[in-house]
Every structure is written in C-alpha cells, then in structure tokens.
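Below: one structure, written as structure tokens.
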Amino acid sequence: MKILFSTRNWNRVFLYLLFICSTFSIAGTEASIAMLYLITLIRWIWNRPLTQLENPFLWVTLFFIATTVLSGLFNAYETDHLMALRNNWRLLLPLLLAGILTEVNSEQLLWTFFGFVFLISVYGIIQYFTGADWLRPEGEQLTTPYLLGSSEGNNVYHAKGNFSHHLTYGGFLLLSFPLLVSLTFCKDWYPFTRILTALIAIFVLLGIGASLGRSIWLGTAAVVAILMFRISPKLILAISIAIIAAVTYFFTQLGDAPIQNRVPTNRLEALQQRFISGFMLKSNQDRILMWETGISAIKDHFWLGIGYNNDAVVMPEYRKRISENSGHRFHNKASTGVHNIYLQTWVNYGFFGMLGYLGILAIFFLQTTRALLRTNNFTFENSILWAGISGVCGFMVAGLFENNFRDGEVQAMLLILMGLCFNQIQKLKGRIFKS
C-alpha cells in the first residue's frame, strides 16, 4: 500500500513512459507529462518545495506563455487565444525533470531510451526503401513518396517513423543524436558501452538521412561541428573554413541553375538531387517567398502579431500580394506557416512573444555554459551538458527553415534534453554547496 501511494515510484513510472513514448507516441508523451505535472503539484501541496522558484528560466517561460495568450486577446483579429496554451503547456517540463531525474538512475533511463531510439531509427531506414507504415492501421497509413520520384524498383520514401511528418521524425532524431555522440566520448563509461553508443548513433544518423529533411541535415551538421569543437577547436576551425568555402562554391555554381526535372534512376541519385536542390534558389523559391510574406505580416503586426492559429485567416492576403508581384503560385496552404520558427513566432505573437522565445533559449545556454565550465571534460555530466548545447544549437539552425517547435513530439524531446541538462546543473550546485 505504501508503494501505491509513493509519489517517488509514480514519478519513476511516468518518467520511463515519457522517455519511451517520446519515440513513437505523442498521446503517450503528453499523458506522461500531464501525470508528472500532477504528481509535482501534489508534492508541492504536501511539502511546498519551491526549489525552482528563483530560476529565471521559470519566469521567462511564464512570460512567453503569457504573451502568446495576451497576443490573441488584444490583437485586431478574432482568435481563441486560450488555445495558444495547447502548444506551450509543456514548457515547464525541464524544471520538473531537474528534480525528478535525481530520483532515478539516469544512465539506466538513457539506455532504455536509446534502445527505443535505435528501433525507431531502423524503422525509418526501412521506410526509406519500402515506404512501410506498420504501426498505423490499414487505411490510415501516411506513406510519403519522395516528391521527385525514382525509377521503378528504386522507389524512395520520406522516413517518418510513427510520426505524421518527416520533419517531425527528423527533428526528434536531431535532438536525440547529440546525446549519443557526446556520450560516446564519456570516460566514465566502459569501452564496450561507448562502442555500442557509437553504433546506435550511426543508425540515428542514417535515420536522419532517410528523413530527407534538408533543414534537419543542416541542423545535424551544426551538432557535429559543435561536438567536434569539444574535441579539437583547431580541427573544427579548419573544417569550418572548408565548409564555408564549399557552400560558397555550390551557391555560386548552382544558385541560378534551372530546376532539373530528370527522374533519379537510383536511391543514391535521389539523395544527391535532394542535397543539391538546397543550393538552388529556384528550388527554394516557395520557402523564400513564404519568409517574405512573414516579414510583410510582421511590419503590419509588429507588437501583437496576428494571434494563435490565425495564419489561414490573415496570411492569404499577404500571399496574394506576393503572387501578383512575382507570378509565383505557392505549393502549400497559408495555414502551414512561413517555415521559419523565428519569423513564425513573431508573426503569431508579436515582438514580445519573439523576445520570450529567444529568452528561453538564451537563459538555457547561459545556465548550461556556466555549469559546463565547472565540469571536467568527458565526464558524464560534461557529456550531457555538451549534448544539450549542441542539440539546442542544431535545433535552432534547423528552425531557420521550419516550425518544429510547434510539433509536440519535437518540443517534448527538446524539453527532455533541457531537463537532462538542468538535472546536471542542480547536481553540480548541490556538490558545490556541500563542499
């Protein structure tokens, strides 16, 4: 009976469920987060432990949530402003995890998580070749062929795991990948454990490739660059110069090139074509003009934005102007947003909403970097903090081309990664206080 009413045991159950369900089920993820919120509330009522009350991350997060609601309440358009909470109610999760993770063996929890990440990565690789969607019932499958197609017998599909979109799948793996890579170099782990971690990281990287998400590829490149800086700053400087030179060359050679409509004859050509299209302005014209509509909307709604979920109502007028001036026809609906999380946040929630969003990221980096400077290189805590910094940086780079922060699955993984870092920060503070 005592076990049944132990909040510590229930925290452990729902913490494991959160990490497991995050790999394939948004419903399971949200149910787990809701239960962790409830258990924390019960604990607060009983014991009133206000350990995170002075953390600026709490206040900037509450500021951002408030601005998303107030934007809809005071702007010129009708909107169900309270529904903005639906996209942001999870944002306090890192502060909960900071304390809850002290009650479990973090390494065992991570290995359970890595096992499911490995499975969903392998599943995505299979999807790339076959389009399989085994986890959804027949008639509800979301198989997505690669848009440019391929010759018969060499079909290529967007990997998406059990998520609804390939960028959601890629965004989730993008945030999981730095944990694996960083812990591969953890000197506190046995050599065999590190080798196994590296092997899983390779499969995750292949899953990222199979998503065919160019923004995800770019974010992953940022992750790798930051983690390489951890190992050798001089090496990453040389590689960065080489990458900048290569990117400049590709844009110079391909920027004004006409779109090639030739169907790829094999899967390697499909990957090459997808990669090369990232450097061709005409292939990205739709996204560039979407950014232009976002900038126009920001000029007209600088302070308050247009409100939550009002893109379908407000943005068509801006798209119409762009289409009349350029003759371009957009390939997707205005409700999909502008495919840039920074512009999108400003469009919906105005200047103060954008300020709150950037504040969340800035305070995370500030606190994590301060803690990192107090750790020894390649220890477990050091590896987690490097994973957090590189993962969030990669997420921010990818966010230049997508709205993944609005995807529940990606947002949950982002908050889990932040929570792992805050847990290490809390442990460091505890040791400093005791000493």
Side-chain angles (χ1 to χ4, degrees), residues 2-62 64-65 68 84-117 120 162-163 172 175-176 179 360 363-364 367-368 384 387-388 391-392 405-427 429-430:
K2 185 177 179 180
I3 294 176
L4 183 63
F5 290 100
S6 169
T7 55
R8 186 187 186 97
N9 288 334
W10 283 113
N11 265 338
R12 178 184 174 86
V13 169
F14 288 109
L15 191 60
Y16 269 83
L17 282 175
L18 169 62
F19 276 71
I20 292 169
C21 291
S22 67
T23 61
F24 67 92
S25 171
I26 183 59
T29 300
E30 292 194 333
S32 301
I33 295 173
M35 291 305 300
L36 291 173
Y37 270 49
L38 178 61
I39 294 168
T40 300
L41 177 62
I42 292 171
R43 279 187 164 184
W44 182 80
I45 293 172
W46 283 351
N47 304 318
R48 299 185 184 276
L50 305 177
T51 56
Q52 299 292 341
L53 194 59
E54 296 180 358
N55 192 330
F57 186 88
L58 169 65
W59 297 107
V60 74
T61 301
L62 291 177
F64 173 70
I65 293 173
T68 64
L85 293 174
R86 211 166 97 181
N87 276 341
N88 301 305
W89 69 275
R90 314 174 194 87
L91 294 183
L92 296 177
L93 179 64
L95 299 177
L96 272 65
L97 293 181
I100 295 172
L101 284 166
T102 60
E103 302 173 359
V104 302
N105 185 318
S106 297
E107 294 182 36
Q108 289 182 359
L109 177 63
L110 283 174
W111 270 105
T112 302
F113 173 67
F114 291 161
F116 280 87
V117 171
I120 208 69
N162 196 44
F163 303 139
F172 173 83
L175 289 162
S176 306
L179 276 171
I360 291 172
I363 289 177
F364 168 78
Q367 294 187 356
T368 307
I384 293 294
V392 176
F405 184 73
R406 307 286 180 92
D407 293 339
E409 299 92 338
V410 179
Q411 189 185 96
M413 187 59 223
L414 174 70
L415 300 176
I416 287 172
L417 188 58
M418 287 180 166
L420 287 165
C421 291
F422 284 155
N423 174 246
Q424 297 305 317
I425 293 170
Q426 185 164 301
K427 288 180 178 178
K429 286 181 178 178

Pairs under 3.5 angstrom only: tabulate donor-acceptor contacts from the side chains of residues 84-92 to other protein residues two or more places apart or in another chain.
unit_1 : atom_1 : unit_2 : atom_2 : d
Asn88  : ND2    : Ala84  : O      : 3.0
Arg90  : NE     : Glu30  : OE2    : 3.3
Arg90  : NH1    : Gln411 : OE1    : 2.8
Arg90  : NH2    : Glu30  : OE2    : 2.4

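- One distance of note links OG of Ser25 with CG of Leu17; it measures 10.0 Å at 0.5 Å rounding.
- Trp10 pairs in a side chain to side chain contact (heavy atoms under 4.5 Å, CB included) with only one of the listed residues (Leu36, Ile39, Ile42), which is Ile39.
- Taking 4.5 Å as the limit, every side-chain heavy atom of Thr61 sits out of range of all side-chain heavy atoms of Leu95.
- At a threshold of 4.5 Å between non-hydrogen side-chain atoms, the residues Cys421 and Gln367 do not count as touching.
- Relative ring orientation between Phe116 and Phe24 is described as parallel, the plane-to-plane angle staying below 30° on a 0-90° scale split at 30° and 60°.
- Summarising the geometry, atom CG belonging to Leu58 is positioned 10.5 Å from atom CD1 belonging to Ile360; distances are rounded to the nearest 0.5 Å.
- The CD1 atom of Ile425 sits 11.0 Å away from the CG atom of Leu420 when rounded to the nearest 0.5 Å.
- Heavy-atom minimum distance, Ile120 versus Asn162: CD1-N, 4.1 Å.
- Closest non-hydrogen pair, Gly388 versus Leu417, comes out as CA-CG, 3.9 Å.
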Practice item. Would you check, one step at a time, whether the test side-chain contact (heavy atoms from CB on, under 4.5 Å) holds for Ile416 with Leu175? Key: CA-CA 9 Å; Ile416 287 172; Leu175 289 162; over 6 Å; no
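- Pairing each heavy atom of Thr29 with each of Ala412, the nearest pair is CG2-CB, 3.6 Å.
- Taking each heavy atom of Tyr16 and Leu109 in turn, the nearest pair found is OH-N, 3.6 Å.
- For the atom pair CD1 (Ile33) and SG (Cys21), the distance works out to 10.0 Å, reported to the nearest 0.5 Å.
- Rounded to the nearest 0.5 angstrom, Ser32 OG and Phe19 CZ are separated by 11.0 Å.
- Evaluated for a side chain to side chain contact (heavy atoms under 4.5 Å, CB included) with Met413, the options Leu179, Val117, Thr23 yield exactly one hit, Leu179.
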Practice item. Determine, step by step, whether Trp46 and Thr7 satisfy the side-chain contact (heavy atoms from CB on, under 4.5 Å) criterion, reporting the C-alpha distance in whole Å, the side-chain angles of both residues, the deciding distance to 0.1 Å, and the verdict. Key: CA-CA 11 Å; Trp46 283 351; Thr7 55; 4.2 Å; yes
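- Using a distance-only test at 3.5 Å, with no hydrogens or angles considered, a donor-acceptor pair links the side chain of Asn105 to the main chain of Gln108.
- Ring pair Phe114/Trp111 is perpendicular by interplanar angle, where above 60° counts as perpendicular and below 30° as parallel.
- Expressed to the nearest 0.5 Å, how far CG of Leu96 lies from CZ of Phe422 amounts to 12.0 Å.
- Considering all non-hydrogen atoms of both residues, Gly99 and Gln426 come closest at CA-NE2, 3.8 Å.
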Exercise for review: Quick one: do Val410 and Phe405 satisfy side-chain contact (heavy atoms from CB on, under 4.5 Å)? Show the steps, please.
Suggested key: CA-CA 7 Å; Val410 179; Phe405 184 73; over 6 Å; no
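- Heavy atoms only, all atoms of each residue included: Ser22 and Phe163 are closest at O-CZ, 3.7 Å.
- Between the side chain of Thr102 and the backbone N or O of Ala98, no donor-acceptor pair lies under 3.5 Å.
- Taking the side chain as every heavy atom from C-beta outward, Val104 and Asn11 never approach each other to under 4.5 Å.
- With hydrogens and angles disregarded, a donor-acceptor distance shorter than 3.5 Å links the side chain of Asn55 to the backbone of Phe57.
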Check your understanding: Hey, mind stepping through Ile384 and Leu110 against side-chain contact (heavy atoms from CB on, under 4.5 Å) and telling me if it holds?
Key -> CA-CA 11 Å; Ile384 293 294; Leu110 283 174; 3.9 Å; yes
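- Residue pairs meeting the salt bridge (Lys or Arg N to Asp or Glu O under 4.0 Å) criterion with at least one member in residues 92-107, sequence neighbours excluded, are Arg43-Glu103.
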